[in-house]
Amino acid sequence: MTLKFNNTLTGHIDEFVSLKDGKVSLYTCGPTVYNYPHIGNWAAYIYWDILVRILMANSYDVNRVMNITDVGHLVSDADEGEDKLEVGAKREGKTAWEIAEFYTADFLSGMKKLNLIIPQHVTKATEYIPQQLDLIRQLKEKSFTYQTSDGIYYDTSKFIQYADFAHLDLTAQKSGTRVEVSSEKRNPSDFALWKFTPTGEKRDMQWSTPADLLEDGSWNMEDGEPQDSNSQIPIANSQRMGFPGWHLECSAMAMSLLGNTIDIHTGGIDAIPVHHTNEIAQSEAVTGVRFANYWLHNNFLKVNGTKISKSLGNVYLLSDLIEKGFNPIDFRMFILQGNYRNEGNFTFDNLTAAKNRLNNWKNTAAIRHQINSTDGNKSVAPFAVSQAIIEAVNDDLGTPAALKIVDEAFSQIAAAKLADINRGSLIQMLETIDSVLGLQIIDSTPDIGDEAKQIIMQRRQARDQKDWAVSDKLRDQLLQMHIVIRDTADDSIWEYEL
RNA sequence: GGCGCGAUGACGGAACGGUCACGUAGAGGUCUGCAAAACCUUUUAAGUGGGUUCGACUCCCACUCGUGCCUCCA
């Protein structure tokens, strides 16, 4: 059984081989916590959750880091503009620290709602400032850095293979029409490792710049000691306050927790040409070894056939789906119907279709409560189904194929006599579905109460006596309890009214 | 403008050089005391135009449209 992924690094589907037997180090670019994530953001985390689950299903011990970008992600990736966190703080009249705390908590609660496995390490960029400064120090020692009036920059021309990862055409970029206002940058692709707090500006999040990182350094402050912006800092000194560049954060956290080379790095396709290219440049310039062996990138989710953007007014949040009566797991099912590499198209009709499919699954799962024997003589839920599900997902997170396998197995079960179904293998199959696809089938399909069971038995007796009036009355009673009965030739099977 | 990605039925969405999954919705039917479910059937599905081939949805080229990055957003 082999795991295969479409690897951006090589440009084709590669068989997965981990660095250490039975262990996988995984880094996922996490959210910038300045606002609520929209459903497109969540789609990515669902894909990577499937990645974690399938690695675990293949008996890998997964060590995963997901960063929380709580400082330094500027409005523009060109190292211009304001910090998103500071923008959020102004918008809501709070400090950047409060903004980060609020949206981090919201993100984690969203993860739980979508049944996403929480990574072993959820790291905040602000808690890794010394590591980031140390990375700059090492880059400086190797002469990859230079200083401008507004920060410390990475000289991408010193990293020969800079353009390789994203197949960039740097000369075209250079001759492009883009003319920047502030270009003390030596090359258009150079990026900030550390930005100085602009003179006269008060930032909530800033740290002193270690003297040895400065070209004219004579400042003597503790590395990465957070400074209260309200304290009286002389203007000259405040110029040397600063904050990390967005790209640096990921490199520092990934390497300090997972080592110089990690197995898998994931992110959105938009991160390929800038963010991930820069991560590679920073990390590999320091270590001299490959930063990540496998890079997986998710495509974007469209809404109503077009991109998600605020100006189009089609930015939906998880809370919007819940308000319209959907369960977050319905959305998860919707995402699992497609492959991470393709654009999906979200509409409420499509979400309803996914919800209906999931409801049908739940009613099949409920059959387990209605089987008395553990040894149905026909193996309607064969062991092989579990294996087939895993193999489908092993093939580049092929969840659509896995769903098909479940559909086919479930339709056999739904068509079978209760007495013929093997309870143990049905439950085992449900467990596999839940562990690999995370759809919470078992948890969402509890048994019905004794009272309802009594009514079903009474109705069965009435039916045997062909007392249709009583039978129908009892069926109505069950409907009051949101239980639907379907009579087959052999059984009366209850379902949830979903 | 530069560098990419994509286009499959009503909708979502796979695989595959020859027989076109699966799901949701609609229609018809079988079954049924009724209902529901299940099962069966269902309108010549591949953006357009060429090419390669005995044969292309699948490979190649062009175009159109959509979309991504460079220029906020996974």
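Here is the naming used below: chain letters follow the sequence lines, and residue numbers restart at 1 for every chain.
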Determine whether any donor atom in the side chain of Arg486(A) lies under 3.5 Å from an acceptor atom in the base of A35(B), or the reverse, and answer yes or no. no

hbond_proxy Asn360(A) side chain to G23(B) base (donor-acceptor, 3.5 Å cutoff): no

N-O pairing of [X] and [Y] below 4.0 Å:
X	Y	answer
Lys355(A)	Asp330(A)	yes
Asp155(A)	Arg186(A)	yes
Asp476(A)	Lys473(A)	no
Arg53(A)	Asp49(A)	yes
Asp204(A)	Lys94(A)	no

Counting the atoms with a prime plus P, OP1 and OP2 as sugar-phosphate, which does [X] contact under 4.0 Å by heavy atoms, base, sugar-phosphate, or nothing?
X	result
His297(A)	nothing
Ile272(A)	nothing
Leu301(A)	base
Ile493(A)	nothing
Ser471(A)	base
Lys355(A)	nothing

With [atom1] as the reference atom in both, quote the distance from [N] to [M] in angstrom, rounded to an integer.
N	M	atom1	result
U8(B)	U67(B)	P	14 Å
G51(B)	U19(B)	C1'	26 Å
C73(B)	A37(B)	P	47 Å
G13(B)	G18(B)	C1'	23 Å
G26(B)	A10(B)	C1'	8 Å
A46(B)	G29(B)	P	29 Å

What does nucleotides 7-16 of chain B look like as a protein-contact string, B for base, S for sugar-phosphate only, - for none, at under 4.0 angstrom between heavy atoms? ----SSSS--

Given the side-chain rings of [X] and [Y], with only the six-membered ring counted for Trp, is the space between their centroids under 6.0 Å?
X	Y	result
Tyr45(A)	Phe107(A)	yes
Trp48(A)	Tyr27(A)	no
Phe326(A)	Phe331(A)	no

For [X] and [N], give me the distance from atom [atom1] to atom [atom2], rounded to whole Å.
X	N	atom1	atom2	value
Ile413(A)	A38(B)	CD1	C1'	14 Å
Phe346(A)	U67(B)	CZ	C1'	19 Å
Asn41(A)	A74(B)	CG	C1'	5 Å
Lys302(A)	U67(B)	NZ	C1'	6 Å
Asn298(A)	U67(B)	CG	P	18 Å
His247(A)	C69(B)	NE2	C1'	13 Å

Ignoring the backbone of [X], work out which of [options] is nearest its side chain.
X	options	value
Val484(A)	U67(B), C73(B), A36(B)	A36(B)
Asp487(A)	C34(B), C22(B), A37(B)	C34(B)
Asn356(A)	A25(B), G23(B), G68(B)	A25(B)
Lys84(A)	G33(B), C72(B), U67(B)	C72(B)

Under 4.0 Å: is that the gap between some side-chain N or O of Lys307(A) and OP1 or OP2 of G68(B)? yes

Report yes if a side-chain nitrogen or oxygen of Ser309(A) is closer than 4.0 Å to either non-bridging phosphate oxygen (OP1 or OP2) of C72(B); otherwise report no.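 No, outside the criterion.
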
Got Cys29(A) and His276(A) here, is their nearest side-chain heavy-atom distance under 4.5 Å?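 Side-chain contact under 4.5 Å: yes.
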
Map Ile485(A) and Lys404(A) onto RNA chain B by nearest heavy atom, then report which one ends up closer to the 5' terminus.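 Here Lys404(A) is the residue nearer the 5' end.
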
